Structures are given as structure tokens and as C-alpha cells.
Asker: 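Quick one: the structure is below, and I'll ask about it shortly.
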Amino acid sequence: MDGVHSTSSVLPVEILDLIFNYLERRDLIPVLSSNSIFHNTAFRVVYRNISETSSVKALKLIKTFASNATYSRQVRSIDLDFADNLITANILRLLNRALQQLKSLTALTLNFSQTDNTADVAWIFQGCSFSLTTFTSSMRCDRSLAKFLATQPKITELCLRGLNKEYDFALEPEALPKLGHFRTVMSYPSIIGEVLRGRPVESVSMSLHRGDVCASLDTLLLSATAIKRLTVLILESDPPVGLLPLIADRLPHLEAFHLVVLTPDSTHEILLEIGSSLAQFKALKYITFMAPGIPTSFNDEKGIAEAWSKACPTLQTIILPKGLVWFQRDENWACLKDNED
């Protein structure tokens with residue numbers, strides 16, 4: 001019995017597929033030249049999920065996919081990053097042809113430069129037949145993008161992270177009926193509200209800016225279901241002590257809250273003061289607070305965890321600026337450092 005038939009009988013293609021999924025992309029390249037069975041299986045795995053592409057690699061990929069259906073039909077997930085270069089009209093037309101060939105695509109990430117994000121580039125989706133479940137892009141929110149999103153009823157995760165202005169972005173009421181997770185950075189409250197309104201979104205990640213805090217938080221009430229998980233990035237807002245009551249008023253049954261503060265105004269005293277605001281949450285189980293430059297010791301953080309849990313008894317896990325994960329053990333608050341000791 002030759003090697004090919006022996007391999008086929010001992011290791012079914014399905015098992016090879018599972019094994020190859022654990023290999024890094026660079027490790028799969030030599031597998032392609034081993035034998036025909038390994039090649040055919042590894043070939044599918046190599047092109048199934050494509051990520052971390054530079055502009056140069058992205059351009060080579062779309063050239064290949066635009067002209068070769070054998071490769072393009074294998075792709076399920078792809079991340080194309082053109083953020084470091086300006087895109088010409090010819091490249092956009094090439095990208096359009098490539099996307100038309102990616103008929104089995106379910107997850108797409110597209111990043112463009114700040115200059116290209118100010119132009120209408122969503123026309124690149126014309127003629128595409130894929131059905132996405134996850135979509136991430138830095139392109140501007142305008143009528144063309146809204147029209148594309150209306151053709152993707154299976155999207156459950158959406159991320160719009162461009163530097164958006166007030167463009168004409170209006171989603172059809174029937175668009176995105178399965179959307180459950182929405183992430184955005186630098187978006188206007190009107191855009192956030194347009195996405196959340198009437199859709200079953202229960203997880204939101206957003207940034208807050210001074211002057212738009214209340215308007216942005218009000219959009220959270222537009223979801224068709226109660227929001228259970230919220231991540232907030234504070235760029236230039238007021239201190240978090242005043243923010244938590246605003247969130248609790250709108251989302252008293254929030255289960256997970258993650259707060260990232262980029263302003264260097266937080267102190268140990270502010271962290272302790274936050275505890276009183278947590279009392280307004282009725283079902284909060286997980287909270288993360290990250291901020292630069294807070295000189296807290298191990299014992300300081302333990303004291304903060306104990307104070308927060310006293311104010312909000314439903315808390316189960318707390319992560320503070322040192323990155324330690326605090327949790328309840330035998331009616332006391334401990335962390336992984338305790339376990340290591």
C-alpha cells in the first residue's frame with residue numbers, strides 16, 4: 001500500500017482538517033507540497049481565514065481572488081488593511097471584483113486611510129453575493145453603506161470605527177434583524193442610535209466625548225432588548241464618578257460593564273468613591289476599570305474590590321488597573337496572585 005492510500009485510510013480528511021486548523025499559516029505552507037491529500041486539505045485551511053494583512057499583502061490577495069475562483073471560494077473570513085496607503089479608483093474596482101468572487105465569505109474586516117474614509121467607497125459591495133455574520137470597517141457611515149447593510153440580514157456583530165461625520169446614514173427598519181453586538185469608535189450619537197433602534201442588540205462598545213455623553217447614553221435605550229454588556233471608552237469626558245449614575249439610570253439591569261479611561265485624572269480615592277454609584281446596578285456581575293497612572297498597591301485594589309462588592313452584592317468578578325482578576329472565594333475577595341502565593 002502506498003503512502004497516499006495509507007494516509008487516506010488512517011486519517012480521514014475531516015481529521016486532517018481539524019489537525020491543520022491548529023497549525024500557524026507559515027507551518028501549513030510546506031504541508032501543501034507533501035502529497036495530494038495533504039495539499040487539498042491544507043489548501044482549504046490556508047485560505048479559510050485570512051488576517052493581519054498589510055496593504056501590500058492585501059493588494060496581492062485581491063489580485064489573486066479577482067482572477068482565481070479556486071482560491072476565492074475557500075475564503076470564509078478576511079481582514080484587509082489599507083489604512084497606511086491611499087487607494088486609487090483602479091484598486092477599488094479590483095477590490096470590487098475580488099469581493100464578488102468571495103461567495104462563501106461570512107466575516108469581513110475592511111480598513112482604509114482617514115482620507116479614503118471621507119469618500120464614498122461602499123460601492124465596492126455592488127454585485128456581491130456573500131452573506132456576512134460579522135462586519136468591521138472604518139469607512140464612513142453614509143447612504144451607500146446603509147444600502148449594503150440592508151442586504152446582510154445575518155449580521156450578528158457589527159463594528160463601525162471610522163472618524164464619522166454627519167453623513168446621510170439611514171438604515172431601513174428591516175435591516176440587520178439579528179444584530180446582537182455593536183462596537184463603534186468616534187461615532188456621532190445619531191449614528192449609534194440609527195444602528196441600535198429597534199434591533200436586538202444586547203452588547204455595545206462605544207466612546208464618550210464631552211458634550212455628547214447624555215445623547216450617546218440615551219441611544220442605549222433604543223435597542224429592542226435590554227443591553228447586558230457595555231464597554232465605554234472615555235476620551236475627554238467628565239470623571240467616571242459622575243458617569244456611572246447616568247449609566248445605571250438607563251441600564252439598571254446591566255450584567256457586565258467595562259470602563260477604559262484614557263484621561264490621567266483617576267485616583268485611588270476616585271476608585272473608592274465609585275463604589276457608591278455601583279449600588280444602583282441591580283444585576284451587575286462583571287466590572288473592569290482600566291486607567292493610566294493610578295498608583296494602587298495590591299492591598300489598595302483588594303480594598304477597592306471589597307468596597308465595590310459591598311455596594312453591589314451581585315458582583316462576581318472585578319478587574320482593576322493593575323490587571324488582577326478579583327473574585328469571591330469562601331466569602332472573601334481573592335485574585336490569581338493569591339492563588340500563586
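Quantities reported herein were computed from a predicted structural model and do not represent experimental measurements. Index from 1, following the sequence.
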Asker: Identify which one of T151, L108, L149 satisfies the side chain to side chain contact (heavy atoms under 4.5 Å, CB included) criterion when paired with F125.
Answerer: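 In the set T151, L108, L149, the residue that makes a side chain to side chain contact (heavy atoms under 4.5 Å, CB included) with F125 is L108.
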
Asker: When clusters are formed by joining ILVMFWY residues with side-chain heavy atoms under 4.5 Å apart, either directly or through shared neighbours, do I234 and L246 land in the same one?
Answerer: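 Per the 4.5 Å side-chain linkage, I234 and L246 are co-clustered.
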
Asker: Is there a path of hydrophobic side-chain contacts, each under 4.5 Å between heavy atoms of I/L/V/M/F/W/Y residues, joining L221 to F257?
Answerer: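 No, no single cluster joins them.
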
Asker: How far does CD1 of I304 sit from OG of S309, to the nearest 0.5 angstrom?
Answerer: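 OG of S309 is found 12.0 Å from CD1 of I304.
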
Asker: Donor-acceptor pair, distance only, cut-off 3.5 Å: does the side chain of R197 make one with the backbone of L171?
Answerer: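 Not confirmed, R197 side chain does not pair with L171 backbone.
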
Asker: Which pair of heavy atoms, one from A170 and one from A146, lies closest together, and at what distance?
Answerer: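 So the minimum-distance heavy-atom pair works out to O-CB, 3.5 Å.
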
Asker: Looking only at atom types and distance, does a side-chain atom of T106 sit under 3.5 Å from a main-chain N or O of T133, one as donor and one as acceptor?
Answerer: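 Checking the backbone N and O of T133 against the side chain of T106, no donor-acceptor pair under 3.5 Å is found.
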
Asker: Going by the angle between their ring planes, with limits at 30° and 60°, are W308 and F289 parallel, tilted or perpendicular?
Answerer: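 Correct class here is perpendicular.
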
Asker: Do you know which two heavy atoms are closest between K282 and A279, and how far apart they sit?
Answerer: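 That closest heavy-atom pairing would be NZ-O, 4.3 Å.
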
Asker: Please say yes or no: joined through hydrophobic side-chain contacts below 4.5 Å, possibly via intermediate residues, are I124 and L59 part of one cluster?
Answerer: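 Looking at the clustering, L59 is in the same group as I124.
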
Asker: S297 side chain to D300 main-chain N or O, any donor-acceptor pair under 3.5 Å?
Answerer: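 Yes; at least one donor-acceptor contact below 3.5 Å.
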
Asker: Atom OG in S72, atom CG in L105: separation rounded to 0.5 Å?
Answerer: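 One gets 10.5 Å once the value is rounded to the nearest 0.5 Å.
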
Asker: Say whether L95 and L86 are linked into one hydrophobic cluster, either directly or through other cluster members, by side-chain heavy-atom distances under 4.5 angstrom.
Answerer: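 Different clusters.
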
Asker: Would you please say whether a donor-acceptor pair under 3.5 Å links the side chains of H258 and T231?
Answerer: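 Not at all, the side chains of H258 and T231 share no donor-acceptor pair under 3.5 Å.
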
Asker: Looking at S216, is its backbone amide N or carbonyl O close enough to the side chain of T219 to form a donor-acceptor pair, meaning the two atoms are under 3.5 Å apart?
Answerer: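 Yes, because the side chain of T219 sits within donor-acceptor range (under 3.5 Å) of the backbone of S216.
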
Asker: How long is the straight-line distance from OG of S203 back to CD of E255, given to the nearest 0.5 Å?
Answerer: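 Nearest 0.5 Å value for the CD-OG distance: 11.0 Å.
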
Asker: Could you report the tightest heavy-atom contact between D142 and A122, atom names first, then the distance?
Answerer: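 That would be OD1-CB, 4.5 Å.
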
Asker: Go through the steps to decide whether K63 and L94 satisfy the test side-chain contact (heavy atoms from CB on, under 4.5 Å), and finish with yes or no.
Answerer: CA-CA 7 Å; K63 284 182 178 179; L94 179 64; 3.5 Å; yes

Asker: Determine the minimum heavy-atom distance between F169 and E194, stating which atoms define it.
Answerer: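 Closest pair (atom of F169, atom of E194, distance): O-CG, 3.6 Å.
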
Asker: Would the distance check show the side chain of N117 and the main-chain N or O of S138 forming a donor-acceptor pair, the cut-off being under 3.5 Å?
Answerer: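 Such a contact is found between N117 side chain and S138 backbone.
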
Asker: If we ignore hydrogens and angles and just use 3.5 Å, is the side chain of S55 paired with the main-chain N or O of D81 as donor and acceptor?
Answerer: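 Judged by distance alone, yes, a pair lies under 3.5 Å.
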
Asker: V204 and side chain to side chain contact (heavy atoms under 4.5 Å, CB included): which partner among L251, V195, L220, V232?
Answerer: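 Only match with V204 under side chain to side chain contact (heavy atoms under 4.5 Å, CB included): L220.
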
Asker: What pair of heavy atoms forms the shortest contact from E301 to P321, and how long is it?
Answerer: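 Shortest heavy-atom contact: OE2-N, 3.4 Å.
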
Asker: Hey, could you give me the SG/CD1 distance between C141 and I191, rounded to the nearest 0.5 Å?
Answerer: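 Spacing of SG (C141) from CD1 (I191) equals 4.5 Å.
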
Asker: Side chains of H181 and R229: any donor to acceptor distance under 3.5 Å?
Answerer: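 On atom types as modelled, these side chains do not qualify, holding no pair under 3.5 Å.
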
Asker: In terms of the angle between their ring planes, are F82 and F112 parallel, tilted or perpendicular, with boundaries placed at 30° and 60°?
Answerer: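 Aromatic pair F82/F112 classed parallel.
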
Asker: Do you know which two heavy atoms are closest between M290 and I319, and how far apart they sit?
Answerer: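 Between these two residues, the closest heavy atoms are CE-CG2, 3.4 Å.
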
Asker: Side-chain contact, heavy-atom cut-off 4.5 Å: F298 with L324?
Answerer: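 F298 vs L324: side chains touch.
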
Asker: Do the side chains of L80 and I62 get nearer than 4.5 Å, heavy atoms only?
Answerer: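 I62 reaches L80 side chain to side chain.
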
Asker: Name the one of D116, N111, T115 that satisfies side-chain hydrogen bond (donor to acceptor under 3.5 Å, both in side chains) with S113?
Answerer: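 Only one option passes, and that is D116.
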
Asker: For the pair T184 (side chain) and L160 (backbone), establish whether a donor and an acceptor sit closer than 3.5 Å, ignoring hydrogens and angles.
Answerer: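 Yes, the answer is positive, given that a donor and an acceptor are paired below the 3.5 Å cut-off.
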
Asker: Applying side-chain contact (heavy atoms from CB on, under 4.5 Å) to L196 and L179, what does each step give before you reach the verdict?
Answerer: CA-CA 9 Å; L196 296 184; L179 184 64; 5.8 Å; no

Asker: Under a 3.5 Å distance rule, please check whether Q101 uses its side chain to pair with a backbone N or O of A66 as donor and acceptor.
Answerer: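 No, Q101 side chain to A66 backbone: no donor-acceptor pair under 3.5 Å.
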
Asker: Under the criterion side chain to side chain donor-acceptor pair (under 3.5 Å), I'd like the reasoning laid out for Q100 against N96: C-alpha separation, chi angles, the key distance, then a yes or no.
Answerer: CA-CA 6 Å; Q100 290 182 28; N96 172 245; 2.9 Å; yes

Asker: Determine, using the 4.5 Å side-chain heavy-atom cutoff (strictly less than), whether Y286 and M206 are members of one ILVMFWY cluster.
Answerer: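 Different clusters: Y286 never reaches M206 through Ile, Leu, Val, Met, Phe, Trp or Tyr contacts under 4.5 Å.
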
Asker: Do side-chain atoms of Q280 reach the backbone of P252 as a donor and acceptor pair under 3.5 angstrom?
Answerer: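 Pair absent, no side-chain N/O of Q280 close to backbone of P252.
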
Asker: Just so I know, are the side chains of K302 and W326 near enough to count as touching, which here means a heavy-atom distance under 4.5 Å?
Answerer: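 Side-chain contact under 4.5 Å: yes.
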
Asker: Indicate yes or no for a side-chain donor-acceptor contact from T314 to the backbone of L284 under 3.5 Å, with no hydrogens or angles considered.
Answerer: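 The answer is yes, because a donor-acceptor pair under 3.5 Å joins these two groups.
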
Asker: Could you give me the CA-CA distance, side-chain angles and deciding distance for I192 and Y188, then say whether side-chain contact (heavy atoms from CB on, under 4.5 Å) is met?
Answerer: CA-CA 7 Å; I192 302 174; Y188 282 87; over 6 Å; no

Asker: Can I50 and D79 be said to form a side-chain contact (heavy atoms from CB on, under 4.5 Å), step by step?
Answerer: CA-CA 6 Å; I50 302 174; D79 182 342; over 6 Å; no

